[in-house]
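These notes are about the structure you will find just below.
Sequence lines set the chain letters: A, B, ... in the order given, protein chains first and strands last, and positions in each chain run from 1. What you see is a predicted model, and the numbers here were worked out from it, not measured in a lab.
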Protein chains: 2
Amino acid sequence: MQQAKDAFAKYLLDKGIRNSRQRHAILNIFLKTEKHLTALELYNLVKKEHPGIGYATVYRSLKLLCEAGLCRELKFEDGTARYEHLYGHKHHDHLICTSCGKFVEIIDQEIEGLQEKIFKAHGFHPQRHRMELYGVCKKCKK
Amino acid sequence: MQQAKDAFAKYLLDKGIRNSRQRHAILNIFLKTEKHLTALELYNLVKKEHPGIGYATVYRSLKLLCEAGLCRELKFEDGTARYEHLYGHKHHDHLICTSCGKFVEIIDQEIEGLQEKIFKAHGFHPQRHRMELYGVCKKCKK
DNA sequence: TTATAATTGATATTGATTTTCATTTTCAAA
DNA sequence: TTTGAAAATGAAAATCAATATCAATTATAA
């Protein structure tokens with residue numbers, strides 16, 4: 001967690017952006033909440049500890065965190081944007097329970113390889129991809 | 001194309017929903033435009049031939065087309081919803097050029113099989129998935 | 001024909017996100 | 001320290017796509 005904070009501090013320093021009290025607080029709460037939060041959910045958590053911090057600041061900080069490579073914005077089928085931790089997480093895809101909302105991070109080298117093959121076969125220069133698997137988890141099936 | 005129209009007519013009949021002039025017109029224009037359109041883009045096309053038809057009706061018709069299994073709503077990374085033809089198209093994923101926006105429909109049984117394996121390995125009952133590959137196409141690379 | 005119900009299109013509303021802007025804070029130079 | 005410029009903040013307003021509302025229109029079947 002300290003590494004992530006340092007990485008953010010370094011990013012801000014490099015860009016000449018200030019590591020303000022608010023940004024620091026928002027990063028802290030983001031880091032200690034290992035969930036795929038929406039901006040609103042994060043705002044509500046932040047508000048508990050720091051009632052003065054506004055919605056807009058949370059939004060702006062989330063953008064900054066993404067730029068700094070600490071988090072990634074995911075848009076889901078229902079249109080909501082959720083933010084996930086990137087620092088210390090390898091590239092991964094998601095397996096999602098449509099009943100309880102559970103997220104499982106998936107890494108499958110075989111699939112990654114096949115994706116590369118598809119890019120090549122169509123003459124594309126690969127940039128990124130997203131894969132989401134939707135189903136019903138063990139608990140919810142019962 | 002006639003098959004698709006018949007399928008839509010049948011769906012409406014079964015549901016006791018009327019096949020109105022507007023719905024018919026919107027379906028026609030949707031069918032003859034083999035692109036991944038946004039609702040607004042479709043509306044603009046519709047307006048050319050049928051200036052009286054309103055935005056809301058286009059939206060409602062798109063929902064109906066999706067329910068009827070003729071089209072599918074896709075939410076992309078930029079948040080825009082686009083609608084693609086389903087009738088006569090097998091399940092497929094997408095390879096997308098981030099420069100010119102070109103869409104290629106991808107079918108890869110090997111990946112599909114691996115996805116099934118992932119569902120099983122985590123005890124999930126599979127429902128659906130999405131996979132999008134983003135890169136730069138041959139033309140745009142030059 | 002007539003009563004009923006569905007559909008339409010204009011408009012208003014929603015909800016998430018982004019922008020604006022006056023105020024506050026920070027930082028660096030004097 | 002002060003002070004002045006620049007950046008950041010928070011509240012409110014603006015935006016934008018999507019959805020809901022509702023009076024008017026249209027279609028259907030008795």
- Phe76(A) with Leu74(B), same ILVMFWY side-chain cluster at under 4.5 Å: no

- Using a cut-off of strictly less than 4.0 Å between a heavy atom of the residue and any atom of DNA chain D, enumerate the qualifying residues of residues 8-26 of chain B by number. Arg18(B)

- Note on the structure: With sequence neighbours left out, the residues meeting side chain to side chain donor-acceptor pair (under 3.5 Å) with Glu73(B) are Lys63(B), Tyr83(B)

- Look at the side chain of Arg130(B) and the backbone N and O of Lys75(B), then say whether any donor-acceptor pair between them is shorter than 3.5 Å. yes

- Item | Glu84(B) and its side-chain hydrogen bond (donor to acceptor under 3.5 Å, both in side chains) partner, picked from His94(B), Lys35(B), His89(B) | His94(B)

- Query: side-chain contact (heavy atoms from CB on, under 4.5 Å) with Phe124(A): which of Ile96(B), Val104(B), Thr98(B), Val136(B)?
  - Reply: Val104(B)

Enumerate, atom names and distances included, each donor-acceptor pair closer than 3.5 Å involving a side-chain atom of residues 38-59 of chain B, sequence neighbours excluded.
unit_1   : atom_1 : unit_2   : atom_2 : d
Thr38(B) : OG1    : Glu41(B) : N      : 3.0
Glu41(B) : OE1    : Thr38(B) : N      : 3.0
Glu41(B) : OE1    : Arg82(B) : NH1    : 3.1
Asn44(B) : ND2    : Leu40(B) : O      : 3.3
Glu49(B) : OE2    : Lys32(B) : NZ     : 3.0

- Message: Classify the ring geometry of His85(A) against Phe30(A): parallel below 30°, tilted from 30° to 60°, perpendicular beyond 60°.
- Response: parallel

- Message: Could you tell me the boundaries of the chain B footprint on DNA chain D, defined by atoms under 4.0 Å from its heavy atoms?
- Response: dA17(D) to dT28(D)

- Task: Answer yes or no: is there a donor N or O on one side and an acceptor on the other, between the side chain of Lys141(A) and the main chain of Gly123(B), under 3.5 Å?
- Result: yes

- What residue among Asp93(A), Ile106(A), Leu133(A) forms side-chain contact (heavy atoms from CB on, under 4.5 Å) with Gln115(B)? Leu133(A)

Which atom pairs, one a donor and one an acceptor, fall under 3.5 Å between side chains of residues 8-16 of chain B and the rest of the protein, sequence neighbours left out?
unit_1   : atom_1 : unit_2   : atom_2 : d
Lys10(B) : NZ     : Asp14(B) : OD2    : 2.8
Tyr11(B) : OH     : Glu67(B) : OE1    : 2.9

- Task: Please work out which residues in residues 30-65 of chain B have a non-hydrogen atom less than 4.0 Å from an atom of DNA chain D and list them by number.
- Result: Ala56(B), Tyr59(B), Arg60(B), Lys63(B)

